[in-house]
Amino acid sequence: MTIQNDAPAREITLAVAGDIVAGTFAVTDRYGRPLWYGPLGRDTDGERVVPAMTAAMHGIRLAAQARTAAGIAHARLRLLVPSRLVDARRLTEAATAGALDLDLVVEPDNPAHAWCTTYGRLEWDPSTVAELVEYVVRPAELDDVDDTLPLRDALERLVVDRSALPTEDRHAIAALVHLAVDAPPTPPRDADEFLRRLDAGWLGAAWEGHDLELSLLDALARGANPTLSWCELMFITALAPWSGAEPAVHGRGLFTRTAQPRAGMARTLPRS
């Protein structure tokens, strides 16, 4: 366990939304004040996911401009997106390229929605964009992840403690971590193996004959927009195998620093 110093953290909070009917996007600050809105562009093709992705990419570009204008080398972006139907890997890559650590938070009724129906367009203001960077002092605060925790608990905290998740999503994260980490015959050796396990087919084969775990998997994987897919994106964003950013490197290091569960630990007995 380590203690952070008193250096202020650089954070940017933005809300984004897109409207496929109006063909528009909007980006606001954390208080709902408009920063940038206008037409989505030509590449919508009528797909639901495109407005959310287009708006999110605009938000990341604006945050990168704010970081540059503020003269700082690195910042954390808390991005409020309207839907789970976004490509977290692509967004994280874009954020990393802009020297941003990305925290995605799903907030369907975020304040940017109201500005998608506003006529015309608003361009972001280069003279005030630096003001989006907030300096947050957190003296004597614990790191996000305690290295002394068992792997299962550390992975849960890696995602849950960094996002304002509702209770049902916290339960889903805990269930998926159990399925992936405790799956027979051994725990995942590294982050890449853990991410490969976040697949319904792999988990179903690994837990064959275990009623409780198969029931959990069914609950996570059912529906047109399964919870399993969103949880997977949360972990891809947090562990970011392609990223050299400190939080991602720290997360991947959990697999060597934390206490590994013993074989068979916290598993249910197979049905007879």
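In this text the structure is predicted, and so the values were computed from the model without any measurement.
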Q) Given D218 and L220, is the side-chain contact (heavy atoms from CB on, under 4.5 Å) satisfied, shown in steps? A) CA-CA 5 Å; D218 179 68; L220 292 172; over 6 Å; no
Heavy-atom check, side chain of [X] versus side chain of [Y], under 4.5 Å:
X    : Y    : value
L132 : D29  : yes
L254 : L155 : yes
Y37  : V27  : no
V81  : V105 : no
N110 : P82  : yes
R67  : L100 : yes
L62  : H58  : no
F235 : L195 : yes

Does [Y] offer a backbone N or O that forms a donor-acceptor pair with the side chain of [X] under 3.5 Å?
X    : Y    : answer
T117 : A114 : yes
E193 : R189 : yes
S215 : D211 : no
T28  : P34  : no

**Q.** Side-chain ion pair, R76 and D103, N-O less than 4.0 Å
**A.** yes
Looking only at heavy atoms, what is the nearest atom pair of [X] and [Y], with distance?
X    : Y    : value
P184 : A206 : CD-O, 3.7 Å
L217 : G204 : CD2-N, 3.4 Å
C116 : A22  : O-CB, 4.0 Å
A69  : V129 : CB-CG1, 3.7 Å
V133 : A70  : CG2-CB, 3.8 Å
L179 : A183 : O-CB, 3.2 Å

Q) W36 and E123: side-chain contact (heavy atoms from CB on, under 4.5 Å), yes or no, with the steps? A) CA-CA 5 Å; W36 192 8; E123 299 295 333; 3.4 Å; yes
Q | Candidates R30, R10, R78 - the one meeting side-chain hydrogen bond (donor to acceptor under 3.5 Å, both in side chains) with E134 | A | R30
Please report the interatomic distance [atom1]([X]) to [atom2]([Y]), rounded to the nearest 0.5 Å.
X    : Y    : atom1 : atom2 : answer
R196 : E232 : CZ    : CD    : 12.5 Å
L239 : D192 : CG    : CG    : 9.0 Å
I60  : E93  : CD1   : CD    : 10.5 Å
L35  : Q65  : CG    : CD    : 13.0 Å
I12  : I72  : CD1   : CD1   : 6.0 Å

(Q) Are M57 and L122 linked, directly or through intermediate hydrophobic residues, by side-chain heavy-atom contacts shorter than 4.5 Å (ILVMFWY only)? (A) no
**Q.** Criterion side chain to side chain contact (heavy atoms under 4.5 Å, CB included) against L203, the qualifying member of L198, L176, L214
**A.** L176
**Q.** L91 vs M53, side-chain contact (heavy atoms from CB on, under 4.5 Å): CA-CA, chis, key distance, verdict
**A.** CA-CA 8 Å; L91 294 178; M53 277 297 297; 3.8 Å; yes
Q: Please find out if less than 6.0 Å separates the ring center of W115 from that of F25.
A: no
